[in-house]
Amino acid sequence: MIRITFPNGSVREFSKGVSSYEIAQSISQGLANEVYSATVNGELWDLSRPVETDATVRLHKWDDAEAKHAFWHSSAHLMAEALEVLWPGIKFGIGPAVENGFYYDVDPGDGKVITDADLPLIEEKMKELAAKNSPINRSVVSKKEAMELFTAKGDEYKTELISELEDGTITLYRQGNFTDLCRGPHLRDTSQIKAIKVLSLAGAYWRGDEKRKMMTRIYGITFPKQKLLDEYMVMIEEARKRDHRRIGKDMELFAFSPKVGMGLPLWLPKGADMKQRLIDFMTKVLKTRGYVMVSTPHIGNVDLYKTSGHFEKYGADSFRPITTPQEGETFMLKPMNCPHHCEIYNATPHSYKELPIRMAEFGTVYRYEMSGELHGLTRVRSFTQDDAHHFCRPDQLKEEFKSIIDLVQYIFKIAGFNEFTAQISLRDPSNRDKYIGTDENWEKAEQAIIEAAGEKNLTTTIAIGEAAFYGPKLDFMVRDAIGRKWQLGTIQVDYNLPERFELTYNGSDNQKHQPVMIHRAIFGSMERFVAVLIENTAGKFPLWLTPDQAVVLPISEKFNDYAKTIFNLLNNSDIRTLIDDRSEKIGKKIRDNELKRIPYLLVIGEKEVEAGTVSVRRQGEGDKGVMKPKDFISLVREDISKEIGN
RNA sequence: GCCUCCUUAGCUCAGUGGUAGAGCAGCUCACUCGUAAUGAGCAGGUCGUGGGUUCAACUCCCAUGGGAGGCUCCA
C-alpha cells in the first residue's frame, strides 16, 4: 500500500500502482469525469499514469490551468492525427497548448499548401477521430528508438528535437494510429474532447528563427462541453465588436491613409479633441506632482543618438537619416525623447538641492516597424509618448520609483482600469554581454525596483532576461472589461545615459556627482492608450472624456427653437452637446443616438417647452425624468467630478 | 520582411466568364410624432491599381498597393 496526501492535508491509502484517475474515482465518479490531469509530487502527470510510491496528489479540474494545458495539448495531438490522415506524409514541428487553445506547426510537404478552406475538413476529421474514444498511451523509449521511429517516418523536425534531448527522458504518446514525441501529460483518451474548433492558419518560422523554414501553424481550441465553446465564440465575437479599429472608424476618431503612409495615424477632429483632453488632464496632474513640462524637436542630429547609444543599437533599423542640402549635416527622426531631455538637463547647472527633477513631455517619436507588424493604433510608426524622465540622486531612486507607482495607480483608476498587474523585468545574469553598465549599478537598480514595488503592495511577477539593455524595468499590465491583458505604463532605471551625456550635479560636498535617470510613461503612448480605452469601454467613454456628452432631441420641428436654446446654453456651459433636429420620430432619434454612444439624451417636447425643462435619458439606463437645464448642468458637472475629482 | 487569407457604394456584405445588387447611412418629399428603427422617392461604385489570357474579365493568371491573422521584431 502507498500513502497519498491530498492538498487539504488528508491522507489515504491505495494499492501500489494506482492511477490518479482511480484515486479520483475513489472519491466519486463525478469528480473522476471532471478531472483532466494531476500534479504528483510537484510534477504534472497523466491521470492514467500509475503512482508507485507515497505521494502528494493534486487533481486538476477544468478551471485549473494545468487541466486546460493537458486538454489542449492532447487536442493538438488529435489535430495532428487528423492532419496525418488528410495529408499523408505531412511533417510535424511542435504542437503545444497555449493560453487559449493550441496550435501545431506542420510542413505539408513540397508544393502542398493548407488553406483556410481546409480548416472545416480538419475539424470534421478531428471530431470523427475523437469519437473513436482512442486511449492515449504513454511510453518511455530510448533516444535510439525514438530516432529510428521518426527517421523512418521521414520527420526531420522531430529528429532535430530528439537529437537535443537527453537519453532516458524521452516519452512518446500514442492514440489510434498516431504517435508523437511528447513530454505530456495527456488526457486518458480522446473522448473527453467534445467541442472542437479549428480557428486559423498562420506562418511561423521553424524554431522561431527567421532564417529557417516557414512552417504552417494551425490554431484550434477545444472544450469538454459544447456550451463552453459557444461561450468562447461569443467572447471572440465580443472582442471583434470592441476592436478599436472598427470603433475608431465608426466614431470618427482616427483614420489611416495609404497616401500619408502606413502606420501613420491621422487624428480626426473628435479623436484629436479626445487626445488633447487626455493630455490636458495628465498635464494638470503632473504639475501637482512636481513635474516640469518641456518641448523638443521632432528630429535630432545623428551625433545625439551616437552619444546615447541608440544609433549603434537601432540605427540600421530606423528610418533613414535626413541630410541638409548645403552643410551635409545628418539628422534622424526622433525615436526617443530621452537624449533631448538629457541635453535640457545639461543646459543649466544643477545642485543636489534641486533634485529630483521630473521632466515631462508629450513627445512624438518615429520608429520604423516592419510592415507586417503594424496594427491599428497599438503598433504604429509615429506616436506621442506621455514621456518623462526623473533625474535624481542615487539615494532618491526608491522614493522616485514609489512616486511613479503611485501616479500610475491614480491614473489607471481614473481611466477605469481597476485590475492591473506589474512585471519586474530583470537582466539575465547568464547573458551579461547583452547589457551595458556595471554589475553594481544593475544590482542597486534591481533592488530599488523590487523594494519599491513591495512597499507599494503591487502584485508583481518577475521576468528574468526581459530588462532593457540599459536597465531593469517595471511594466504595468491592465485587464480589460472582457479579461484581456494590455501593457500600458512602464518605468525604467537608466545609469547609462547619465554617463554617456556626462550629466552632473553639485553635491553637498561641492563635488560633481552623476544623477540616476528614470524613464517612465503612464499611458505608454496616446495612440496605444486610446486604443486600449476604446477596447475596454467598447467606445462608451467616461463622460469627461467622450467626444459628445449630450444630444438634444426635439420631438417635432415645432420645438426646434427651444431645443436650439438648450443646445446653445449647454455648449456655452462647456458641455459638449449636439442637436438632432432631423424630421424623425423620437424613438428613431433615441435609437440612433444611443448607437452613437452619447451619454445623455435630452428629449424636448411640448411639456418641456411649457415648463422650461429638459427630459433626461442616460445612455443604457433609460429615462431619468425631467429637470431644469441648470440642474442638468450641475448633474453633468457632478458626474465628471466623480470621475476625475476636482 | 516572411506565411495564409482578404480587397465590390460612406458602412456591413451578396454576386456571375456575357461590362453590378441589398440593408444601413446620405439627400428630397410627406408625416409633426413622447423614450431603441414612419413611409415614399432619389442619388451613390470605371468592382484597390497595372498588366496578361479571352470574342468578352468584377469573375481566370501575374505583378503591385492596402488590410487581417500569425511569425520575427519592439529603444
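Here is how names work: the chains are called A, B, and so on, in the same order as the sequence lines, proteins then strands, and each is numbered from 1. Predicted, not measured: the structure shown is a model, and the values here were computed from it.
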Exercise for the section: Would you please confirm or rule out a distance under 4.0 Å between OP1 or OP2 of B/G26 and any side-chain N or O of A/Arg582? Expected result: yes
Problem - Side-chain-base donor-acceptor pair under 3.5 Å for A/Tyr205 and B/G70 - result: no
Handout entry: A/Ser371, nearest nucleotide to its side chain (from B/G67, B/G1, B/U4)
Key = B/G1
Practice task
Report yes or no: is there a donor-acceptor pair, N or O only, under 3.5 Å between the side chain of A/Arg379 and the base of B/C73?
Solution key: yes
Exercise for the section: Verify whether the ring centers belonging to A/Tyr600 and A/Phe632 lie closer than 6.0 Å. Expected result: yes
Problem - Polar contact flag, side-chain donor to acceptor under 3.5 angstrom, A/Thr378-A/Glu527 - result: no
Exercise for the section: Please state whether the base of B/A68 and the side chain of A/Arg240 form at least one donor-acceptor pair under 3.5 Å? Expected result: no
Exercise for the section: Ignoring backbone atoms, establish whether A/Tyr314 has a side-chain N or O less than 4.0 Å from OP1 or OP2 of B/A75. Expected result: yes
Problem - Phosphate contact (B/A68 OP1 or OP2) by A/Arg245 side-chain N/O below 4.0 Å - result: yes
Practice task
Specify whether A/Tyr232 and A/Phe223 have parallel, tilted or perpendicular ring planes, treating 30° as the upper limit for parallel and 60° as the lower limit for perpendicular.
Solution key: tilted
Practice task
Check whether any side-chain nitrogen or oxygen of A/His375 sits under 4.0 Å from OP1 or OP2 of B/G67, and answer yes or no.
Solution key: no
Fill in the blank from the handout: Testing B/U4, B/A25, B/A75 for proximity to the side chain of A/Arg367, the answer is B/A75
Fill in the blank from the handout: Symbol by symbol from the 5' end, with Watson-Crick or G-U pairs under 3.5 Å, [ ] crossing and | another strand, RNA chain B is (((((((..((((....[..)))).(((((.......))))).....(((((..]....))))))))))))....
Practice task
Kindly say whether the aromatic ring centers of A/Phe523 and A/Phe529 come within a distance under 6.0 Å.
Solution key: yes
Fill in the blank from the handout: Walking RNA chain B from its 5' end, the first of A/Ser200 and A/Pro335 to be reached, judged by nearest nucleotide, is A/Ser200
Exercise for the section: Determine whether the aromatic ring centres of A/His73 and A/Phe102 lie less than 6.0 Å apart. Expected result: no
Practice task
Would you kindly give the CG-to-P distance between A/Asp580 and B/A36, to the nearest whole Å?
Solution key: 15 Å
Problem - Candidate pair A/Glu466 and A/Arg427, rule salt bridge (Lys or Arg N to Asp or Glu O under 4.0 Å), full reasoning - result: CA-CA 6 Å; A/Glu466 291 294 310; A/Arg427 70 174 170 168; over 6 Å; no
Restricting to nitrogen or oxygen on both sides, can you table the protein-nucleotides 28-34 of chain B pairs closer than 3.5 Å?
| unit_1 | atom_1 | unit_2 | atom_2 | d |
| --- | --- | --- | --- | --- |
| B/C31 | N3 | A/Ser583 | OG | 3.3 |
| B/C31 | N4 | A/Ser583 | OG | 2.3 |
| B/U32 | O2 | A/Ser556 | OG | 3.2 |
| B/U32 | O2 | A/Glu557 | N | 2.9 |
| B/U32 | O4 | A/Glu557 | OE1 | 2.9 |
| B/U32 | O4 | A/Glu557 | OE2 | 3.3 |
| B/C33 | OP2 | A/Lys558 | NZ | 3.1 |
| B/G34 | O6 | A/Glu606 | N | 2.7 |
| B/G34 | O6 | A/Lys607 | N | 2.9 |
| B/G34 | N1 | A/Glu608 | OE1 | 2.8 |
| B/G34 | N1 | A/Glu608 | OE2 | 3.4 |
| B/G34 | N2 | A/Glu608 | OE1 | 3.4 |
| B/G34 | N2 | A/Glu608 | OE2 | 2.5 |

